[in-house]
Each structure stands twice: as C-alpha cells, then as structure tokens.
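What follows is a short report on a single structure.
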Amino acid sequence: MALKMVKGSIDRMFDKNLQDLVRGIRNHKEDEAKYISQCIDEIKQELKQDNIAVKANAVCKLTYLQMLGYDISWAAFNIIEVMSASKFTFKRIGYLAASQCFHEGTDVIMLTTNQIRKDLSSPSQYDTGVALTGLSCFVTPDLARDLANDIMTLMSHTKPYIRKKAVLIMYKVFLKYPESLRPAFPRLKEKLEDPDPGVQSAAVNVICELARRNPKNYLSLAPLFFKLMTSSTNNWVLIKIIKLFGALTPLEPRLGKKLIEPLTNLIHSTSAMSLLYECVNTVIAVLISLSSGMPNHSASIQLCVQKLRILIEDSDQNLKYLGLLAMSKILRTHPKSVQAHKDLVLQCLDDKDESIRLRALDLLYGMVSKKNLMEIVKKLMTHVDKAEGTTYRDELLTKIIDICSQSNYQHITNFEWCGLWAGRAGGREAGWHWGLRGPSQTRSRRYISILVELTRLEGTRHGHLIAAQMLDVAIRVKAIRRFAVAQMSALLDSAHLVASSPQRSGICEVLYAAAWICGEFSEHLQEPQQTLEAMLRPKVTTLPGHIQAVYVQNVVKLYAAILQQKEQAADASAAQEVTQLLVERLPQFVQSADLEVQERASCILQLVKHVQKLQAKDVPVAEEVSSLFAGELNPVAPKAQKKVPIPEGLDLDAWINEPLSDSESEDEKPKAMFQDEEQRHTKPRAPEADEQELARRREARRQEQANNPFYIKSSPSPQKRYQDAPGVEHIPVVQIDLSVPLKVPGKCLWMPLSDQYVKLEEERRHRQRLEKDKRKKKKRERERRGTRRHSSLHTESDEDIAPAQRVDIITEEMPENALPSDEDDKDPNDPYRALDIDLDKPLADSEKLPVQKHRNAETSKSPEKEDVPLVEKKSKKPKKKEKKHKEKEREKKKKEVEKGEDLDFWLSTTPPAATPAPEELEVNTTVTVLKEEQEEPRGEEQDADEDREQDLEKKPSKHKKKKHKKDKEERPKDKRKSKKKVPPTDEEAAEPVENGTLDEEPLPPMSSYTLLAENSYIKMTYDVQGSLQKDSQVTVSVVLENQSDSFLKSMELNVLDSLNARLARPEGSSVHDGVPVPFQLPPGISNEAQFVFTIQSIVMAQKLKGTLSFIAKNDEGSTHEKLDFKLHFTCTSYLVTTPCYSDAFAKLLESGDLSMSSIKVDGISMSFHNLLAKICFHHHFSVVERVDSCASMYSRSIQGHHVCLLVKKGEKSVSVDGKCSDPTLLSNLLEEMKETLATC
Amino acid sequence: MIQAILVFNNHRKPRLVRFYQRFPEEIQQQIVRETFHLVLKRDDNICNFLEGGSLIGGSDYKLIYRHYATLYFVFCVDSSESELGILDLIQVFVETLDKCFENVCELDLIFHMDKVHYILQEVVMGGMVLETNMNEIVAQIEAQNRLEKSEGGLSAAPARAVSAVKNINLPEMPRNINIGDLNIKVPNLSQFV
C-alpha cells in the first residue's frame, strides 16, 4: 500500500499540470487535435488513480479542454469525486468543472445533492461559497427542490459573503422550482434592507429579475424600492431599481407621477453617465405611461431630450449610441420634441460607426414630415452611394422605402382620392396611394427614379421590395405610367448589367416588375420592338423561373401591341418580321426546366405560329391578338369579395349534399366558379358612400395584409360585357357591414367545433332554412312584382352575422384592459411564466419548502438515531428552521398585506394638484380608515410592529401568541405536546393585522427573548410561551447561537425538574436524561430549539436549573463542553394574550369574583402609547379600551385565570389596578410588571 | 442577466468561455466564432455595443465588449442589464485581474484559466452580478488563495520543479495587456468603488 502511494507520487512528478497541457498544445500547433487526444488518454489514466490530487489535476485540465470545445461530460462522475474532496483546492476545481459542463441532462447530477448540502453547511465559508457558485450554474429542478430550504437558511448566514451568494442563487432556484418563490420571498424581501451593501445589491438584483418578468406581482414593493432609491448611494443598485421602476410604471401611472421628481433630481445631480442614462430611460417610460393625461410634463421631456442631446454630442461612441436609442423611445410619444434635433440625427448618419448610423436611421423614420421628406431621402440616397457593407445598405434601402411610403400614408389622410375606395393592391406598405394630380405626381416620378437608382445597388436582398413598389406605383398612378415604362424599358435593356453576377440574384427581382410594366402598359413604349428584343435575349434564360414566366407572358402583350401598330401602319412585312422573331426565340423558353415557363412558352409558340400562318394569308390578326389582353388591370381591394352580389338563386346556406335536395341545390356553384365571378364583377363604383362608410373602408384598408397585389378586375366599360344582370351599380352595398364576413359555401368555418355545437348549428340552420323558404317565396313574389333581386342581400347578410357573433363572445371573455403582454402572448414554455405568482397572498398551509423528513419531535424517543451519517443529521436542522421560517414568513406575509394596502395610500400621497379627483377621494377614505383602526386595541398591532424590529431568530414565539388568540378553537389538542407548532391555518394567515400605519410615534424595538446563559462557545436566549389549550404546559424556545469557530454538535439540554415544573422528555427516558437538540451548529449559525415543560401551579414564579452539554469540534480536535443556566418561569409567561371586548370586560368586572390589587410606579418618562405597547408585549396583555391616558387591559392565564388591568398615567407616574381570579397570581404579576415599568 | 462571458484574443483563440445557459460544446464554439467575427471587424473607436448574434438569444440580447491590447472581453447580456453598467463591470473585472496577477497579460490568462474563472466567480455568479466593489473581490480572492496555499496547493513541490524545467522554452508572448493604454473612456468608473 505504502509502495503504491510512493509510486503514485513519483508518477505525479511526470503528470502534466494545466500549464504543461497549455504549453504542449501551443507547441503542437500542427497536430493539435492529435496531441489533445493523446492528453485525453493520459487524463483518463489519471482519473483512474486513487490519489485525489491527481484526479483534481486531471479535472482541471479537462476544464481547459472544455473551453476548446471538447466534450468532457464522460468525466462527470470523476468531477463529482473531486467536488467531494475535503480540501478546498480540489473542491474548487471540481465545482468549476461541474459548472462548466453539468446541465439538466447530466444523469449523475442527482448524486451531488447530498454532497452539495454538506458543503452548504460546511464550517468554512469558502466551501459554502464554492458550492453556491457551482450550483448556480447547474441547478436542476430536483436540486432546487431538495436544496431550497438549505439555501434559504444560508440567506441569514452571519457572513455577508455567504448571504449575498445565497440570495443571488435563489433566483435560479425560483426558476427551476417556482413553488419555492412564495415561501422564500419574505426573507428575500427582508434582505433588501440587509446592512451589507453586497447582500442588499444581490436582493435588488434578484427581485428586479423576477419583477422584470412579472411586474404586476411586485407592485406592492414599490414603496420599499422607492425608499431604497432615495437612500442608496450604490449606483449599481440604483440602476437596477430605476430599471425596475421603468417596468412597473406602465402598470401603475400613479407610481410614475411619484417618480418624476426624484428621478429628475437624480438626473440633475448625478455625475455617473450610466445612472443618468437609466434615469432618462425610466423618465421616458413614465412619460409614455402618462402620455394620455399629463400635458404638464413637457419640462421633463425637454430635460430628457436635452440630456440625450448631450449624450449624442459626446465624443464617446457608446454614449452617442445609447442617446440615439433612448431618443427613439421618446420619438414614439413625443415626436415633436425629437424633430427639433433633426440636424443632430442627420449628422449621426455620417458617423463612422455603423451601429450609430443604424440607430440614426431608425430615428429618421419617425422624424419625416411632408416638408423634409425630400431632403431626407436625398441625403439617404447619397449615403446609399457611399455605403459599403451590404447590411447597412440594405437597411438604408428599406428605410428609404419605408420612409417614403410612411410619409405618403400620412399624406393621404388629407388628400381625397376619389378612386381610393376601389382598394389597393395590398403591396407591402399599407398606404401607398399616390394622387393623380400635382405634387404627388412629381413625387412619385421622383420615387420611380429613386427605385430605379436603387436597382443599381450591388447585392441587395431587397429586390422584391423594390419590385413590389414599382408595380404598385405604376398600377396605381396612371399619370406616372409613361415615365415608369420608359424607365423600365431602359432597365430591361440593361438587364444584362442587373443580372450579370450571381451575387445580384436579389436585385433581378426588379426585372419581374420591369417586364410586367412594359408588357402591360406597352402603349406607352417609345420603341416597343427594341424592348421586345431585349426581352427575348438568350441571357434571359438564366433568370429565375418565375421571372422568365413573366417575360414570356409579357412578350406576347408587347407582340400584340406591335402587331396592332404595324397593321395600322399597313406595314405587313414588319409585322411578319416580328412574328418571325418570336418564332425563332420562343423555343429557348420551351426548353426551360421551369414548368410554368415551358407551358406558357409552348402555348404561345403555337399561337404565334398560327398567327404566322394567318399573316401569310394576309389576314389581319392584330385585333384578335390584342383582344387576348383587352381591358385594363386595376387593383382590387381584398375586401371587394364581400361586396360581390350573390347571383340569383344562389343560397349560401343551402346544403351541398343534402339528401333531399330541392330546387335550390342546382343553383349552387363550385367555389372556383364563385371566385371567378367575383373577379369579374368587382369594379370601382362611384363614391356614393357617405363619410362614415368611407372612414370605415379606409380603416379596413389599413388593416389589410400584404398579399398578392394583383386581382384581376374588369374596368368600368368592359364590365358590362360580362355582366349577366343589369344594374349592379345600384346595389345598396353600402349597407353591408364590412366586418361581417360573407359566408362561403364551404362551411368550413364550423368544422373545428365540437360535435355538439355542430348539432346545434344544424338545428339552427334547419330553422333558418325553413324561414328562408318562406322568405324566398315572398322574395320571388317581390321579384315578380319587379323588385330588384338584390334587395334581399341585406337580409341575407344579416343572417350571416350569426357566426361573427360567436367570435364576439370569445373576445368579450378577455379581461378588460388586458395588457398586450399578458399570458396569451407568452410562450407556454417560457420558464418565467411559472414565476408569475401572487406574492401578496398569505402563505397557505401546504406552501412550504420540502425538507427531508425524519426525526419528529413528537416521537423523539430515539436520540440514538443521532449516529446516522453526518449528512442526514444535518438535514434535521432545516426542519426546525423550516418551521421557524414558515412562521416568520407568515408574519411577513401579513405585513405584506398591510403593505399592499399601504401601496394605494403611498401612491396616492402625491401632491393633490397632480392627482385627479377620483384618486383624491381614495386618499381620503384611506386615511379615515386608518384613523379608525388606530382606535382599535393595539396589542396585536404592536406585536406585528415589534416583530418587524426584532432579530430574525426571535420571531416565532411572538407569532405563537397571536396564533393562540386566533385559533384556539380549531387547534387539535395534542399538538402542543408534540412540541410542534401548529401549522398555520389559512384563515388565520389571511386575517389582516390592522396595522397602525399612521403610528403616533415609532415603537422602540422590543424583544421578549432574554439571555439564558453564555460562554465562549454558545449563547442561549429564551422565551417562554403558554398556550390556552394545554392548561399546564408552556413551551420554552431557546435560541442557540454558535459564537465560536468550532462546529457544535451532540447538544443536549437537561433540567433538574422541580415538583411544580417538569421537562417533557421523550417517552422511555428517565428524569435524568437530557433532551437532545435536534440540530448541529456550524460556526456563526444560530437556530432555535423548543422544549415543553409541564407546570402544576402557575400562581408563583419559579426557577429551574439546567445544563446544556455539547461537543465542540474544531481543527485541533473536539472537546466536550457544558453550559449551566437557570430557566426563569415568570408568572407573565403563563399569560396568553387574549382579546376581550369591552362589554365582556365590563361583565367580568361586575361579576365580583375577582380580587383586587394595585401598584404605582413613579418617574416614568415614556409616552403612554409606548407604555401600553410594552405591557402588551412583555406581559401578554391586550388593550380593551383606551381613553386619553387611561386604558383597560385584559389577559388570561393558561389555566383560565382572568386578569384585568386599569392603567392610568399621571404626570410622571403610572398606576396599575389589577383584578384577577387568583390573588397570588395577581400580586406576583403586578410585581413583575413593576419591574418592567421601572425601566421605562 | 448575463448570458455569457467570452474572452478571446485577436486571433480567435478562446481564453475564457463562461456560459450561464447550457449550450452544447460545439454550439459554444460556434458562438465564440460568430462573436469573434462580429467584434473583430469593429474599429476600436466605435461604440462597444452590438446587437446579439444569431446563435445566442434573440433581439433581447446585446453584446457589450471591450478590447484590451490583445484580448477582447465580451459580455452577452439581456435588456435587464444597463449597457454602461456592464462596460464598467468589464473594467472592474479586468482591473481585478490586473491586481490579482500583478500586471496581467495574455499569458496569465492562457496559463491560469482556472484562476481567471475563480476571479470571475467573485464578480458574476450564475449570470448575475455578485459584487462590483473591487476591494471586496480582491479580498475574497486573496483569502481563498491563502486557504489554498495552506492546503499545499494543487501541485506538490516535485511537480513544480519539473514544470520549472519545462518552463525554460516559453514562447515569446506579449507581456502586458496594458489596461490604461487604449484609454477607452469609462464614463463613471468611480461608481462601484
């Protein structure tokens, strides 16, 4: 064995360490992969050795290789081995490797739970720290669940280093195990006020992250954050808080109002740019949230814009960038204030930094107005020429198009274009409507040339966009066509330039538009023949299929135009020449691999050949060929379909396959037919619609999605040719509600619905049909009488409203004022969604962090179990702690509820001038309510207040008191014996504590815990609490605090029983046995243990002697230590705070069964209010009534003695008159009270 | 939240790769590569923010970087972080490295990647900023180093002797990162101190 060890260490001499590995890799530049695989083999050997140092070294090297991209998950188990090494050096290496390569899929990760738990409770803060750091990177839902409680305990660690890490990691735990959020939140909140700035910052960090995802749950924290904001000097914390407020303000405009002032102050005062910037950002957010009703904040906007201008003008590129970014936020709500800085933004376009230019572009988009459009576009065009780098150029290009179309959109609002209503082609931009007259014509002309110019760009991706724009303008604006066609033919001529390199594939899309425009509007061509030839060049076959197809189709259009021209000129030979050209050139398309091209080409080729034959016979063909393309193509509104009159006899409600088909069915047409019909019938109608209708249409148009812009439609004149019925123009279409979709025969609308619904629907429709049949008869009669058939249209579409209503119902179910970012938009897989938890709701019974279950206080008969392995023993601690936390949390919860109620109050204490009337009302009511509450007995209120002041560890008992008051009835009898605290009932937890928010003066911190004993190792403080249920039992809560560097374990508490008082020991143990303390104490940790005592008579105070024995273990070894103490049971400790109403109190006094006694204490300077608080707190009384400086108080002993007090305050003295069913108890109580009062 | 912290040199060699969200190793390398290309083509005198790459996060993520001599320090953060704050944090991190390594240079990062990680762990934990006070960070690092020293460190004396021999043929490397050199304007470095 020894030999093996020696051999191991000699081997180690030649092991590579990390540095050697790095060096080796650097020296093997040529065959790095080979060298590394060799190293990995070595590492595998090293990992097989027993020596932990060798393993750690190997794992360290693996971490390096992981950085280079090598998968090291195969070593996961070895990493865990190194993690569990006892030396910090190795442990740290192990955790680092784990943090780099462990993830939820790592199967061995579950083996780490106990190791991590052990490290978390390690006496060395760095072991704990390293474990926390590691865990933060690889925490899984299982680890989070199992360790949540341990981590929560660490949040109250004595070392700030551990506290801040524990606080920070809680965010990860929440993410993985959302159930932990509510139980842990109170403590997290508490950490916001931690004395250590690091811990405070960590807590702010976590809450900000939480609130960013679900801001509404954290609104109640606003007052606390507000306080922090105005008090903190840590810029990092301030930035976080200010950012958080930015997220909260949209939810609560009143918050915004409150924020403006302090934020403005910060903006003025701070020298830190980062803070300034975040302040400005939040002010902007506030202004946005207020934008509706607050006109008087122009000063704030001006301030922001000014400060941003300073940022943008700064030579620091970073500030410039951020300035522009924030500016664009202001732009959205206050464009005017930003437009003033146009010069600055344009200047930024010249910046050498692309990010800044892009930001400036974004801004420009919003700054364009009718006046400066030309200027800006001109400027942008020069930039397009200068720009290098395709991304930026593409961005420029889209921005130019965006800016133009957007500005025109604005333009059209005060520009009535009568043809508008016919709709638009639905190009990419919603409002591309060029006018027919004046300035817009020249503008569109200029726009075409801009578009053409844009095509000269190399390698842009936006050919599509340009093409769509060209088509849109050419179709829409008749007056521009001549110009457009000229430009396009030039473009086709130079197509070889456009489409020469494959790089330009994007831009060749414009040829699509060019070919179509030249073909469709061929009458405007100067030299059609030349264009025709250009379109038939062999080079064209290299273009993408869809473009070739357009070419082929438009070649024929051109051909038709040329034929006509030639025939009119009686130039038969020229006409034949053209035909010949086509016959020669078209076969190149017939051979195309693209089906569409091939089909069109071969079809047209045959057609042309036929024309050729006719031409040979000197038959004039031009007329017939042109008639192929007769009629003008006009844009059609996508909604136009709805306005299509239903052909006579077509019943859209009729069954397609009805078994008993009647005469109606034959009228039905297939859908394709229907569409065909529609395309021909739609046409622009005279704008006879009223203003409202126009507005609605405009709105409808605005909402249109970009689609294929080219619906074919007949122009007004040829329309009549297809019209099979007269008088379509006079159809009262206007009355149709556009929002109601016409039902199409497909009936697919209802398909997805449940069978049941279908059935209902069938019935409904059956009824409808019956009705309709009746109506139809009438209709026919009417028609016979000469009524126009479409007069029934309106009625029919009324029926069709039925399905639309269903949709309405669905929308109604949406909550009012639903935020756009609410649930619906959220990705169901969003990990943050699970954290959308209401934190103001009191904790329910079931909500606690899971703790490993074992020793039950009730069955504490087996102290022998203490020999179980360390890890398990340790986990006992959490249990007690857990209970404690729970209660503390509950109290916190209550306070939160208070705070939640406070929020309204806090928020509404804005200067009244800024508060709208209804809110003022709210303020008033709040105040009155609070004042009323103040009159209430103060006992429990003070409890709540005092608890807030108290040390963490000392809370539970306080709580118990409250509990006793409240749930005496519900409580199961045996709970007390089991030393367990009663799990809080919902009811109780939900009961709000009326808190004096408007306290006359702050109460001094009070603690009922008194020192029991102390030595260099441990400090014991204790508190005694009775319960009304167990008439002879009291619980002693002892807080044990480890004051040493040693690890304290095997603690045992023993008491020398008296006749009157006895320690409740586990069953089966003798009166001399001690009761084990169910936890161990690492250095600096404190924890609370509870012991139950049985008391015979409670009328007298008494003292019990006892000893705490424990083993203190440190580096030098372990010692057995003892600490003696004296437990003092005062009579007060037998009292339980019990509320009493004044009428019951009066009856009690009248009954005469009570004996009386009184004391008087002089020299009291404390205020009466505080005095009462003190009596309530220390002596477990509650105030029944208070009049000026006189108060009646009540309490009850665990054995049912009533104790009534009348406390009167004189100048400098206090007199207490007491009445009690037991005179001894009373006199003892009064003596104790005298002592308390004497210290006041 | 900080999504990732990457340190690489002018030649794309990673010096520190710390992801706070799980990516498989090959994706990690892709991200490093992509980030490198994004950052490399930027001049030193343009702004230090970049819209995130395609691989890591979406539009919510930003790359915030600083360039020191031969090294790029890149933080990938989401919108909850303040851009200028992170720039300062990078500065704090680098200055801490400078203190811990005494005139830090790329070589230190190359040969002591583990130590760099330990330092980073005191600054950022699980993607969240843990400490911004440099003195506090350095104090904790030193305390841990002392602890490690008291345990004898990772490599025992003989191994060190061997490596000392191996050390003789160190390749020539730039010795210093020269923090103050480039003089990137830190608007408010004092805020954390």
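Both backbone and side-chain heavy atoms feed into the values below; hydrogens, waters and symmetry mates do not. In this text the structure is predicted, and so the values were computed from the model without any measurement. In what follows, chains are A, B, ... by sequence order, proteins preceding strands, each numbered from 1.
- Contacts of Tyr321(A) with chain B are made by side-chain atoms alone, with heavy-atom separations under 4.5 Å and no backbone atom involved.
- Listed here is the closest heavy atom pair of Tyr20(B) and Lys172(A): O-NZ, 3.9 Å.
- A heavy-atom distance below 4.5 Å is not found between the side chains of Trp236(A) and Asp88(B).
- For chain A, the nearby part of Asp78(B) is the side chain; its heavy atoms alone come within less than 4.5 Å.
- Ranking Val130(A), Ile242(A), Leu18(A) against chain B, the residue ahead of the rest is Leu18(A), based on heavy-atom pairs under 4.5 Å.
- Contact of Leu68(A) with chain B is made through backbone and side chain together, with heavy-atom distances under 4.5 Å.
- Proximity to chain A (any heavy atom under 4.5 Å) is restricted, for Glu136(B), to the side chain, taken from C-beta onward.
- To the nearest 0.5 angstrom, Met113(B) atom CE is 6.0 Å from Leu96(A) atom CG.
- Residues Glu148(B) and Lys87(A) form no side-chain contact, since every pair of their non-hydrogen atoms from C-beta on lies 4.5 Å or further apart.
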| Can you check salt bridge (Lys or Arg N to Asp or Glu O under 4.0 Å) on Glu151(B) and Arg92(A), steps first, answer last? | CA-CA 12 Å; Glu151(B) 287 177 350; Arg92(A) 183 154 76 156; over 6 Å; no

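- Both the backbone and the side chain of Lys164(A) come within less than 4.5 Å of a heavy atom in chain B.
- Atom CG of residue Asn235(A) and atom CG of residue Leu84(B) lie 11.5 Å apart, to the nearest 0.5 angstrom.
- The CG atom of Leu130(B) sits 11.0 Å away from the CD1 atom of Ile169(A) when rounded to the nearest 0.5 Å.
- Gln121(B) and Thr133(A) share no side-chain donor-acceptor pair at under 3.5 Å.
- The shortest side-chain heavy-atom distance between Cys47(B) and Lys320(A) does not fall under the 4.5 Å cut-off.
- Scanning all heavy atoms of the two residues, the minimum distance from Lys13(B) to Glu32(A) falls at NZ-OE1, 4.4 Å.
- Expressed to the nearest 0.5 Å, how far CZ of Arg26(A) lies from CG of Leu107(B) amounts to 6.0 Å.
- With a 4.5 angstrom heavy-atom cutoff, Gln28(B) touches chain A only via side-chain atoms.
- Thr270(A) does not touch chain B: none of its heavy atoms, backbone or side chain, sits under 4.5 Å away.
- In this structure, chain B has a heavy atom under 4.5 Å from the side chain of Tyr277(A), while its backbone stays farther away.
- The shortest non-hydrogen separation linking Ser79(B) to Arg212(A) is OG-NH1, 3.0 Å.
- Using modelled atom types and a 3.5 Å distance limit, the side chains of Tyr126(A) and Gln140(B) yield a donor-acceptor pair.
- If you measure heavy-atom distances from Gln100(A) to chain B, the contacts under 4.5 Å come from both the backbone and the side chain.
- Using a 4.5 Å cut-off between heavy atoms, Leu168(A) contacts chain B through both its backbone and its side chain.
- For Arg18(B), the parts lying near chain A are the backbone and the side chain together; criterion is any non-hydrogen pair under 4.5 Å.
- For the pair Arg22(B)/Phe138(A), no side-chain contact is recorded, criterion being any heavy-atom separation below 4.5 Å from C-beta on.
- The two atoms that bring Tyr70(A) and Glu25(B) nearest to each other are O-CG, 3.5 Å, heavy atoms only.
- Contacts between Val129(B) and chain A at a heavy-atom distance below 4.5 Å involve backbone atoms as well as side-chain atoms.
- The structure places CD of Gln19(A) at 11.5 Å from CD1 of Ile110(B), a figure rounded to the nearest 0.5 Å.
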| request: Kindly determine whether Lys165(A) and Glu122(B) satisfy salt bridge (Lys or Arg N to Asp or Glu O under 4.0 Å), including the steps that lead there. | output: CA-CA 9 Å; Lys165(A) 287 196 168 194; Glu122(B) 297 302 325; 3.6 Å; yes

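- The main-chain N or O of Met67(A) is found under 3.5 Å from a side-chain atom of Gln29(B) such that the two form a donor-acceptor pair.
- Between Gly85(B) and Ser274(A), the shortest heavy-atom distance links the atoms N-CB, 4.1 Å.
- Here the side chains of Leu325(A) and Glu83(B) are in contact, with some heavy-atom distance below 4.5 Å.
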| request: Test Phe49(B) against Gln317(A) for side-chain contact (heavy atoms from CB on, under 4.5 Å), laying out the working first. | output: CA-CA 9 Å; Phe49(B) 315 119; Gln317(A) 298 287 322; over 6 Å; no

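- Between atom CD1 of residue Ile93(A) and atom OH of residue Tyr118(B) there is a gap of 4.5 Å, rounded to the nearest 0.5 Å.
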